[in-house]
Amino acid sequence: MKKIALFLLLIVIQSCFQKADNEVSKTDKEVTKTNTKTLELIETSDKITENLKAFYVSYISENAKDVVDKNYLKELKSKYITKSLLDKLQNLELNYDPFVNAQDYNTEWLKNIEITKDKLKDNTYIIFINDNGTKTTISLVIKKELNQYKIDDINNLPNNIIEPENNENYPEIEVTGSWKKMCEEKKTELLAFDSSHGYLDIYLNNDYARVAVEITNNSNIKYSVLTGITRYNKFVNWLDISHDSIICKVKRTDESKLELEWLGFYNKKTKKREMVKNPFTNETQNESIVLKICE
């Protein structure tokens, strides 16, 4: 009888040890699983950070050049940005680049750029750009597409979506031609060679400046570069003017008239506009003026 009791006791003790071993094994597996998941999250975060760094280095470096390769930028955006975000940005009326929160670009930013994971929001990363002591923050939402992590949204974008205009009477017309307030010599003139390039000849107080301009969508006139100037010209500080800023907006209403809204030249250092007076009228005004085509 004692032998049977001892045998049963041994079975009970062995069963307890096996149960304890199973519990330990289960706990070990859970810890291993948790550690593996944590490592995967860290690796994913590191990969996204590397992708964002690669995008910003290429994006800022290219945009900071005097002559920008637009085809290269298009390919770069396609690689790192989702189509939905590109479509969204195309329908927003912005006078700055939301990826840097500025109108100009500086390769000096790349020395101190910081990229971190937002601890409070999922799939969100914060870009910190240091511009002469001023820190700019951009919040990006990341999405995985075909094993590639892409920028899918920018937080805090404005909602000023461009609504299509009812322009049945006057479909989009190229702004090609010579446009002035008055067709006289030594009067400020917008000379558009085609739908994308031209000159702006500015006459103010017996001084003269010619700037090359880029025309986009037959509406936005962007400053490209200063090409000619009189000796004592003091219109603006040309060295600090952004080479990609919109200086005015135009709309051709018929064959002989062009509406123009003057904005001024954007100074990338002061972050303010210069020559806010409309050079076509030498007056400060917010409303549009009408130019006529000159032979």
Side-chain angles (χ1 to χ4, degrees), residues 41-82 85-86 88-89 92 94-145 148-158 212 214 222-226 236-247 264-274:
L41 289 173
I42 293 174
E43 290 175 358
T44 299
S45 180
D46 289 343
K47 186 173 183 180
I48 292 173
T49 301
E50 290 175 4
N51 279 0
L52 289 173
K53 184 68 178 292
F55 167 72
Y56 270 91
V57 168
S58 300
Y59 188 72
I60 292 174
S61 298
E62 185 62 33
N63 276 299
K65 294 179 180 178
D66 290 335
V67 180
V68 177
D69 188 338
K70 293 185 177 181
N71 288 330
Y72 172 75
L73 283 180
K74 186 177 180 180
E75 293 175 1
L76 189 69
K77 289 179 179 179
S78 178
K79 179 179 179 181
Y80 290 101
I81 305 170
T82 62
L85 178 56
L86 292 175
K88 179 179 179 179
L89 293 174
L92 287 176
L94 302 175
N95 61 356
Y96 69 98
D97 186 336
F99 290 105
V100 295
N101 274 357
Q103 290 186 324
D104 63 311
Y105 309 86
N106 191 338
T107 53
E108 291 294 314
W109 296 344
L110 299 175
K111 295 180 180 179
N112 300 306
I113 192 169
E114 299 175 30
I115 302 172
T116 61
K117 174 77 173 65
D118 192 323
K119 297 179 180 179
L120 301 178
K121 297 179 181 179
D122 293 336
N123 306 319
T124 303
Y125 285 74
I126 309 297
I127 314 298
F128 296 100
I129 296 177
N130 194 322
D131 185 9
N132 294 324
T134 302
K135 184 169 283 190
T136 299
T137 303
I138 304 103
S139 178
L140 305 176
V141 179
I142 305 301
K143 179 181 178 181
K144 190 173 184 180
E145 281 190 355
Q148 172 75 26
Y149 292 98
K150 293 188 174 185
I151 303 171
D152 189 49
D153 203 0
I154 304 174
N155 290 320
N156 300 322
L157 276 175
E214 176 187 351
K222 294 184 177 182
Y223 170 71
S224 293
V225 65
L226 178 70
V236 296
N237 189 350
W238 296 106
L239 293 177
D240 294 335
I241 296 301
S242 169
H243 289 269
D244 194 40
S245 63
I246 299 174
I247 57 177
F265 294 90
Y266 182 77
N267 187 310
K268 57 190 177 184
K269 284 192 175 180
T270 64
K271 299 189 184 302
K272 295 181 180 179
R273 290 194 178 270
E274 299 189 14

### Sidechain-backbone polar pair: Lys117 side chain, Lys121 backbone, donor-acceptor under 3.5 Å
yes
### Task
Could you please spell out the steps behind the salt bridge (charged side-chain N to carboxylate O under 4.0 Å, His left out) verdict for Asp153 and Lys88?
CA-CA 9 Å; Asp153 203 0; Lys88 179 179 179 179; 3.1 Å; yes
### Query
Side chains of Thr124 and Asp118: do they bring a donor and an acceptor to under 3.5 Å?
no
### Query
Is it true that a side-chain atom of Asn106 and a backbone atom of Trp109 form a donor plus acceptor pair closer than 3.5 Å?
no
### Summary
Interatomic distance, NZ@Lys272 vs CG@Asp240, rounded to 0.5 Å, equals 13.5 Å
### Query
Side-chain contact, heavy-atom cut-off 4.5 Å: Lys143 with Tyr149?
no
### Task
Quick one: pull up OH in Tyr125 and OG in Ser139 and give me the separation to the nearest 0.5 Å.
12.0 Å
### Query
What distance do Asn71 atom CG and Leu76 atom CG have between them, rounded to the nearest 0.5 Å?
12.5 Å
### Query
Between CG of Leu73 and OG of Ser78, what distance do you get to the nearest 0.5 Å?
12.5 Å
### Query
Closest heavy-atom contact between Ala54 and Tyr80?
CB-OH, 3.6 Å
## Note on the structure
Here the side-chain hydrogen bond (donor to acceptor under 3.5 Å, both in side chains) pairs for residues 49-61, sequence neighbours left out, are Tyr59-Asp97
### Query
Among side-chain atoms of Thr82 and Asp152, is any donor-acceptor pair under 3.5 angstrom?
yes
### Message
Is it the case that the side chain of Tyr96 and the backbone of Phe99 share a donor-acceptor pair, with hydrogens and angles ignored and the cut-off at 3.5 Å?
### Response
no
### Task
Could you tell me whether the side chain of Val141 reaches within less than 4.5 Å of the side chain of Ile154, counting heavy atoms only?
no
### Message
Would you compute the distance between atom CZ of Phe55 and atom NZ of Lys150 and round it to the nearest 0.5 angstrom?
### Response
11.5 Å
### Summary
Rounding to 0.5 Å, atoms CG (Asp131) and CG (Asn101) come to a distance of 11.5 Å
### Query
Would a 4.5 Å heavy-atom cut-off, applied to side chains only, mark Ile113 and Asn130 as touching?
no
### Query
How about Asn63 and Val100: do any of their side-chain heavy atoms sit closer than 4.5 Å?
no
### Query
Are any non-hydrogen side-chain atoms of Glu274 and Asn237 less than 4.5 angstrom apart?
yes
